[in-house]
Amino acid sequence: MIDPKLIRHTPDVVAEAMRRRHKAIDLDMLTALEERRRAALSKVEVLKAERNAVSGQIAELKKRKEDATGHIEAMRRVGEEIKELDEEAHIAEAEFMQILLTIPNLPDAGVPDGADADDNVVVRTWGEPTQPDFPAKPHWELAEALGLLDFERATKIAQARFSLFVGLGARLERAILNYMLTLHATQHGYTEIWPPYLVHPDSLQASGQLPKFEEDLFRLREGLYLSPTSEVQLTNLHRDEIFEAGALPRYYTAFSPCFRAEAGAAGQESRGLIRQHQFDKVEMYKFVEPERSMDELESLVANAEAVLQGLGLPYRVVLLCAGDMGFSALKTYDLEVWMPGMGKYVEISSCSNCGDFQARRGQIRYRREAGGKPELLHTLNGSGLAIGRTWAAVVENYQQADGTVALPPALHPFMGCATIGG
RNA sequence: GGAGGGGUGGCCGAGCGGUUUAAGGCGGCGGUCUUGAAAACCGUUGUGGCGUAUCCCGUCACCGGGGGUUCGAAUCCCUCCCCCUCCGCCA
């Protein structure tokens with residue numbers, strides 16, 4: 001959530017930010033609601049002050065066994081007025097908040113203009129795109145030949161767009177997860193978390209999925225949701241908390257399966273592991289002091305890059321343009337891994353600085369100094385990485401002419417073998 | 001899932017519907033005393049909104065959340081959530 005005060009004090013800044021995002025919002029409506037709320041509030045407070053004072057007098061009179069019916073009658077009328085004005089203020093505020101919760105974060109000044117993915121900027125490339133001297137196959141063909149994936153049975157068990165790993169394919173998924181978590185927990189200073197997979201709507205509102213993106217989520221009869229990313233759980237780890245001075249930064253990493261209804265995504269990337277209703281992901285998350293968050297974004301990206309470098313997978317780093325960024329982010333880098341079988345770069349990580357956007361929605365604060373006022377902190381999140389897509393990248397990049405896969409050394413200890421197939 | 005008991009400030013813990021705009025204690029902060037410290041004593045203490053107002057000032061709200069009764073609610077009523085104890089079920 002953006003700072004509500006911006007609506008009143010610098011509406012032009014908000015309007016410009018929304019223009020950059022190619023999002024239309026009704027600022028006049030917001031301003032009017034805020035005005036209504038404040039008008040009702042200032043009126044009702046005068047009346048409440050009067051009621052408090054006269055109530056004291058009534059108490060005095062009653063204590064002395066004197067008549068107070070005049071005061072009581074007057075306060076009855078005041079009470080009715082208070083009730084009406086309170087309601088007016090509540091309604092105006094509720095409507096204001098309802099709209100404010102659907103307004104995306106303001107893009108950082110360092111974010112390029114642009115409407116969609118075509119306007120993103122490649123900031124650097126690592127490694128040479130693998131081009132084997134034989135026709136490279138996509139991972140789903142390799143996996144079928146090696147018996148590593150069984151989409152048909154996954155569909156029978158659940159539905160289309162679910163996956164089922166078999167044998168060394170299943171072990172590879174587990175090995176990648178282990179490799180990533182171990183790297184972040186032991187080399188990058190992140191505290192390891194194993195979170196619940198179901199989340200409360202309050203948690204989804206704090207991280208930004210609700211109320212706007214309900215249709216992308218799986219909801220249970222009980223009112224809980226299947227988490228679409230452990231960013232949700234990690235954001236809410238410290239919801240409604242205040243970090244004492246010196247307690248920041250805090251780094252967390254978590255594994256979780258991620259569930260996405262992907263409404264409206266039918267037809268895209270229908271083959272292989274790229275786009276599924278359920279996928280595994282290791283997430284990195286940071287709670288930091290505001291002035292450090294841009295530096296922290298760079299090191300977060302470096303931590304995600306280390307995963308790919310450790311696996312020897314070629315990739316590039318892309319700075320998203322204002323129109324392509326996610327709802328909660330003010331600046332985002334995507335990591336795109338080279339997939340020789342698919343013949344293109346595919347997004348495998350998204351690292352964002354959310355500024356105080358999530359912190360405000362979740363009331364996550366810190367004290368700059370001992371005894372100081374609580375202030376909103378900044379949060380960052382990044383995939384480290386999407387496991388299924390990493391699985392696909394490993395299989396495609398390390399395929400051999402004979403159809404086997406020669407695994408990168410970093411995975412050998414977690415796999416207990418060096419090759420798949422053959 | 002069933003039965004019972006509870007949710008009060010950073011923590012513990014009082015609180016007949018009206019000097020409680022929450023007693024008392026602990027902790028924290030400031031001070032007196034002391035060579036220094038401890039002890040003792042004195043003072044102080046949260047969050048948010050509004051007022052052109054991050055501090056000061058004024059005011060309103062906040063005793064798990066929401067709603068209601070009342071001139072007036074921490075206190076009474078309804079509802080939801082959470083915690084504890086016991087029982088049941090279960091990996």
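Naming convention: chains lettered A, B, ... in sequence-line order (proteins, then strands); numbering from 1 in each chain.
Proximity of A/N52 to the phosphate of B/U21: no side-chain N or O atom is located under 4.0 Å from OP1 or OP2. Contact annotation: A/R38 side-chain N/O to B/G51 OP1/OP2 distance is under 4.0 Å. Listed pair A/R365 / B/G48 meets the phosphate criterion, a side-chain N or O lying under 4.0 Å from OP1 or OP2. Distances shorter than 4.0 Å separate none of the side-chain N or O atoms of A/K48 from OP1 or OP2 on B/U59.
Defined by atom type and a distance below 3.5 Å, a donor-acceptor pair is present between the side-chain atoms of A/H378 and A/S293. For the residue pair A/T229 / A/K281, a side-chain donor-acceptor distance below 3.5 Å is found, with atom types taken as modelled. Side-chain N/O atoms of A/E305 and A/Y333 include no donor and acceptor closer than 3.5 Å. For the residue pair A/Y366/A/H238, the side-chain donor-acceptor check at 3.5 Å is not satisfied.
The aromatic rings of A/Y197 and A/F255 stand perpendicular to each other, their planes meeting at an angle above 60°, with 30° marking the opposite boundary.
Ranking B/C55, B/G18, B/C50 by closeness to the A/K373 side chain, first place goes to B/C55. Here the nucleotide nearest the side chain of A/R367, chosen from B/A61, B/U47, B/C50, is B/U47. Relative to the side chain of A/R37, the nucleotides B/C50, B/C71, B/G48 differ in distance, and B/C50 lies closest. Closest to the A/A59 side chain, of the nucleotides B/C50, B/G18, B/U47, is B/G18.
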Symbol by symbol from the 5' end, with Watson-Crick or G-U pairs under 3.5 Å, [ ] crossing and | another strand, RNA chain B is ((((((((.[[[..)..(.....]]]((((((.......))))))((((((.....)))))).[[[[[..)....]]]]])))))))....
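Using a 4.0 Å heavy-atom criterion, one finds that A/R368 contacts no nucleic acid atom at all. A/K43 comes within contact range of no nucleotide atom at all, as no heavy-atom separation falls under 4.0 Å.
A distance of about 40 Å separates the C1' atoms of B/A73 and B/G88, rounded to the whole Å. With P as the reference atom, B/G24 and B/U19 are 16 Å apart, rounded to whole Å. B/A23 and B/U35: their C1' atoms are spaced 40 Å apart (whole Å). Only the P atoms considered, B/C82 is 32 Å distant from B/C50, to the nearest whole Å. Taking the P atom of each, B/G25 and B/A40 are spaced 12 Å apart, rounded to whole Å. Between B/G7 and B/G13, the two P atoms lie 10 Å apart (nearest whole Å). Across the P atoms, B/C55 and B/G46 are found 11 Å apart, a figure rounded to whole Å. With P as the reference atom, B/A38 and B/U34 are 15 Å apart, rounded to whole Å.
Ion pairing of A/R19 with A/E16 is present here, as a side-chain N (NZ or NE/NH1/NH2) and a carboxylate O approach within less than 4.0 Å. A/R8 and A/E35 are not joined by a salt bridge, as no carboxylate oxygen comes within less than 4.0 angstrom of a charged side-chain nitrogen.
You'll find the ring centres of A/F165 and A/W391 inside the 6.0 Å limit. When ring centroids are compared, A/F213 and A/F327 come within the 6.0 Å threshold.
Nearest-nucleotide assignment on RNA chain B puts the 5′-proximal partner with A/S42, out of A/V46 and A/S42. Between A/E60 and A/A49, the residue whose closest nucleotide on RNA chain B is further toward the 5' end is A/E60.
Atoms CZ (A/R51) and C1' (B/G17) sit 14 Å apart, rounded to a whole Å. B/U19 atom P lies 13 Å from atom CD1 of A/I58, rounded to whole Å. The interatomic distance linking A/E35 (CD) with B/C50 (P) rounds to 12 Å, in whole Å. Taking atom CG on A/D240 and atom C1' on B/G46, their separation rounds to 15 Å, with Å as the unit. Per the geometry, CG belonging to A/D86 stands 13 Å off P belonging to B/U69, to the nearest Å. What separates CZ of A/R36 from P of B/C50 is a distance of 17 Å, to the nearest Å. Residue A/D67 contributes atom CG, which lies 15 Å from atom P of B/C71 at whole-angstrom precision. To the nearest angstrom, P of B/C71 lies 16 Å from CG of A/L61.
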